[in-house]
Amino acid sequence: MPAKAGDGRRQSQSGPSGGKAAPPRPAKAVSKKRDEDASTDVGEGADEWTAAKTLVKPPDQLELTEAELKEEFTRVLTANNPHAPQNIVRYSFKERAYKPIGYVDQTAIHFSLNGNLILKDSDEGRRQSMRSAVSEKASLETSAVISEETEIKDEEGTEDTQAAGEEEAEEAGAAEEAEAAEAEEPPPPRVKEQKLANQFNFIERASKTLNNPLRERACQSEPTPCKNFSATANQWEIHDAYVEELQKMEKSKEKEKTKAQIAKKEEKKKGRKLTSLESQSDDITKISKAAKIMERMVNQNIFDDIAQDFKYFEDASDEYRDQRGTLLPLWKFQYDKTKRLAVTAISWNPKYKDLFAVGYGSYDFMKQSHGMLLLYTMKNPSFPEYVFSSESGIMCLDIHNDHPYLVAVGFYDGNVAIYNLKKATSQPSYKSSAKSGKHTDPVWQVKWQKDDMDNNLNFFSVSSDGRIVSWTLVKNELVHTDVIKLSAEGTTMQGPEGLQLQTLGCGTSFDFHKKIDYLFLVGTEEGKIYKCSKCYSSQFLDVFEAHHMAVDSVSWNPYHLKVFISCSSDWTVKIWDHTVKTPMFIYDLHSAVGDVAWSPYSSTVFAAVTTDGKAHVFDLSINKYEALCTQIVVAKKKNKITHIQFNPVYPVVIVGDERGHITCLKLSPNLRKMPKEKKGQEVKKGPEVEIAKMDKLLNLVREPDSTAGK
């Protein structure tokens with residue numbers, strides 16, 4: 001086999017030239033030549049490393065000294081845009097001239113690009129990973145084929161060198177020619193590695209965009225209307241203006257000082273410190289109005305759904321209730337300091353229809369403590385607008401019609417007082433005392449009356465001591481006048497030395513006639529109702545044997561001049577004609593009745609509350625036998641409803657209980673029905689219509705003889 005390979009090589013060497021082959025060189029000479037070549041290569045490389053490195057300088061470089069080289073030059077980089085305009089002007093109508101714009105935007109965006117990241121677990125990420133795996137497998141297969149081919153060639157070369165060493169010089173020459181031929185053969189082609197696709201879609205390129213050409217836009221608006229004003233002011237006018245302002249400031253300071261001194265004197269007499277309301281600084285009072293407005297806005301946002309129900313919601317299911325109605329709960333008013341106090345009085349403000357006053361005390365003789373007067377508004381159900389505290393429990397209150405900032409209050413200890421909402425003090429502006437003729441028992445009701453002949457404010461009060469007293473504000477004190485004493489007929493006591501002492505009736509409630517100024521009614525603990533006159537202090541106009549227990553409330557009808565209503569703890573509500581001794585209507589509510597109130601929009605609608613936590617609403621023109629609505633307002637067993645009042649404008653009622661809570665309820669449409677409109681006829685409205693409705697009901701229950709006589 002080696003011999004044949006050598007013959008083949010000799011033929012290839014001699015073939016092309018057609019002549020004889022060159023004489024072969026000995027093997028020693030060949031190896032010697034290779035050693036010389038290797039030594040020359042090493043020597044050249046060593047010279048390059050050992051050669052000294054020289055500094056190459058450009059021919060035009062400046063020659064600087066050491067001091068010049070060490071000198072530092074600072075360069076400040078700014079973020080200003082060199083292409084931004086610096087001379088933009090706008091026309092000012094105020095100064096009537098072109099003015100340069102102070103601020104020019106220096107931002108310049110050269111390039112922006114949104115990058116995309118793909119999650120490995122997403123569909124696109126799985127596709128890209130599959131592609132990369134397939135490409136790697138293909139590249140591995142191609143590299144394996146190339147490595148096999150190179151191994152075969154290496155094996156053939158080793159066999160040829162062994163044969164060349166054993167043969168003669170001819171075979172060595174043939175081997176050299178074979179190596180030269182192999183060297184001339186082209187190297188195996190390199191397979192290009194396939195570049196993997198970037199899974200995160202990054203772009204490794206950058207470019208600078210051209211600067212956008214600047215464009216200027218301007219618009220001219222209509223000039224603002226100007227008016228020329230000219231005046232001359234000399235030094236005296238300026239001086240006088242300053243003096244007037246200083247005098248005003250001094251007067252206001254003096255007023256504040258006198259108020260503070262008076263308040264301090266009152267507090268020193270009673271041995272108590274100033275309350276937080278009196279010690280507030282001027283800075284706090286300046287922001288109090290803004291803070292109150294902000295508080296109302298926040299509350300209206302919080303209770304927006306309730307406010308929407310209050311204004312717009314009408315219960316559509318009333319059409320299917322067979323004339324019965326419901327009460328929709330709206331807001332619940334409560335204050336932390338009144339949790340252990342009962343609601344003893346409620347009154348709406350006659351001017352501000354969303355504002356109402358609440359009196360707090362206790363009906364339990366053994367649990368008497370302090371009292372409070374709060375004023376709430378429906379605009380802010382979370383906190384009262386005004387807070388006043390008292391040493392004794394408040395049992396009744398009334399707000400003046402012409403002066404809605406004056407509140408008359410009756411206390412459990414027999415005193416009466418007047419609070420002025422305009423004054424920033426927690427103490428009453430006027431208060432009775434033992435010297436000024438206060439009651440000896442709790443005051444159960446107070447009512448403002450028209451001013452007297454001297455235009456002095458006055459109000460009346462009724463108490464368990466049997467006295468009905470008129471209180472008049474004369475200068476800075478309350479002057480009392482006993483109007484009448486409630487003497488109980490046929491009840492006398494044996495006094496010392498055989499004297500006969502007449503016992504007095506205990507007044508619990510009273511109400512004045514809406515049209516006849518001198519006429520009023522008084523309810524007593526004995527269950528009687530006295531019809532009295534301011535003109536007669538020794539006798540009554542009439543006496544009604546109304547109830548078997550205490551009369552809790554008595555009230556004239558706001559439309560009909562003859563009708564009044566009363567309620568009692570004997571579970572009954574009765575409607576009367578004051579010209580007839582017997583009641584027109586009697587309703588048994590199966591529980592003690594705490595309060596009753598006429599509605600302001602109809603002469604036949606009234607509401608009552610009972611101690612079992614229910615509210616009852618009647619409309620006599622629709623059903624004169626039973627209530628249209630009987631609804632539980634207070635669910636707790638130990639809690640009782642004490643008072644109810646209709647709003648004079650809105651279709652809502654407020655209810656107070658013994659836990660100090662006030663609940664606002666909206667009347668459904670069936671509880672405030674108005675007469676239906678007929679085609680071609682106008683619906684009559686007004687007091688005459690309401691009086692006719694009540695007269696129609698009274699004629700049904702009156703005896704024929706009495707109606708014929710009238």
Side-chain angles (χ1 to χ4, degrees), residues 259-260 262-281 284-285 288 291-292 295 333-347 349 355-377 380-400 404-434 438-439 442-446 459 461 471 478 642-643 654 656-662:
K259 285 180 182 179
I262 293 168
K264 284 180 181 178
K265 286 179 181 177
E266 290 177 357
E267 293 297 336
K268 284 179 181 178
K269 287 178 182 177
K270 294 177 182 179
R272 292 185 299 166
K273 295 181 180 178
L274 285 171
T275 61
S276 59
L277 289 172
E278 293 170 338
S279 60
Q280 282 180 344
S281 63
I284 296 174
T285 55
S288 60
K292 189 176 287 187
E295 186 182 16
F333 303 86
Q334 55 187 4
Y335 188 53
D336 292 338
K337 296 181 180 179
T338 60
K339 285 183 178 178
R340 297 183 180 179
L341 299 175
V343 176
T344 54
I346 302 175
S347 179
N349 193 292
L355 187 70
F356 61 93
V358 185
Y360 292 90
S362 177
Y363 289 115
D364 192 346
F365 176 76
M366 301 299 293
K367 295 181 180 178
Q368 287 301 316
S369 62
H370 71 285
M372 294 196 77
L373 171 64
L374 304 183
L375 278 91
Y376 285 102
T377 174
N380 182 9
S382 64
F383 199 81
E385 294 292 305
Y386 299 92
V387 179
F388 301 96
S389 59
S390 60
E391 293 178 353
S392 179
I394 293 174
M395 306 310 295
C396 55
L397 61 89
D398 191 34
I399 302 175
H400 200 285
Y405 54 87
L406 294 178
V407 183
V409 172
F411 295 102
Y412 188 85
D413 61 1
N415 281 314
V416 293
I418 297 175
Y419 287 90
N420 191 342
L421 303 182
K422 287 186 175 181
K423 293 184 178 180
T425 175
S426 62
Q427 299 303 317
S429 301
Y430 308 94
K431 190 174 181 181
S432 64
S433 62
K438 79 177 189 69
H439 291 281
V443 181
W444 293 111
Q445 200 157 3
V446 291
F459 65 93
S461 64
W471 300 89
L478 286 172
T642 55
H643 288 278
I654 50 174
D657 57 34
E658 283 193 340
R659 296 291 177 88
H661 299 159
I662 302 290

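Values reported hereafter were calculated over all heavy atoms of this structure, with side chains retained and with hydrogens, waters and symmetry mates removed.
The closest side-chain heavy-atom distance from Ile394 to Tyr360 is not below 4.5 Å. Within the 4.5 Å cutoff, no side-chain heavy atoms of Met395 are placed close to those of Val443. Contact of the Val416 side chain with the Phe459 side chain is registered, since non-hydrogen atoms from C-beta on lie closer than 4.5 Å. Contact of the Thr642 side chain with the Asp657 side chain is not registered, since no non-hydrogen atoms from C-beta on lie closer than 4.5 Å. Residues Phe356 and Ile662 form a side-chain contact, since some pair of their non-hydrogen atoms from C-beta on lies under 4.5 Å apart. The shortest side-chain heavy-atom distance between His370 and Leu341 falls under the 4.5 Å cut-off. At least one side-chain heavy atom of Val446 sits under 4.5 Å from a side-chain heavy atom of Ser461. Using a 4.5 Å cut-off on side-chain heavy atoms (C-beta onward), Ser382 and Glu295 make contact.
To the nearest 0.5 Å, atoms CG (Leu373) and OG1 (Thr344) are separated by 9.5 Å. Distance check: Lys431 NZ to Ser429 OG gives 12.5 Å after rounding to the nearest 0.5 Å. In this structure, the separation between OG on Ser347 and CD1 on Ile399 is 4.0 Å, given to the nearest 0.5 Å. In this structure, OH on Tyr405 lies 15.0 Å from CG on Leu375, to the nearest 0.5 angstrom. Expressed to the nearest 0.5 Å, how far CG of Leu406 lies from CG of Asp398 amounts to 11.0 Å. For the atom pair CG of Asn349 and NE2 of His400, the computed distance is 12.0 Å after rounding to the nearest 0.5 Å.
Partners of Gln334 by side chain to side chain contact (heavy atoms under 4.5 Å, CB included), not counting sequence neighbours, listed by chain and number: His661.
Both tests hold for Lys292 against Tyr386: distance to the six-membered ring centre under 6.0 Å, angle to the ring axis within 45°. With a 6.0 Å cutoff to the six-membered ring centre and a 45° limit on the axis angle, Lys438 does not count as a cation-pi contact of Phe411.
Heavy atoms only, all atoms of each residue included: Ser390 and Ser392 are closest at OG-O, 2.6 Å. Here the shortest heavy-atom pairing between Leu397 and Ala357 reads CD1-CB, 3.9 Å. The two residues Leu478 and Trp471 have their closest heavy-atom pair at CB-CE3, 4.1 Å. Contact between Ala345 and Cys396 at its shortest, heavy atoms only, is CB-CA, 3.6 Å. Of all heavy-atom pairs spanning Tyr376 and Val358, the tightest one is CD1-CG2, 4.2 Å. Among all heavy-atom pairs drawn from Tyr419 and Ser426, the shortest one is CE2-O, 3.8 Å.
Aromatic pair Tyr335/Phe383: ring centres closer than 6.0 Å.
A distance-only check finds no donor-acceptor pair linking the side chain of Tyr412 to the backbone of Ser369 [under 3.5 Å].
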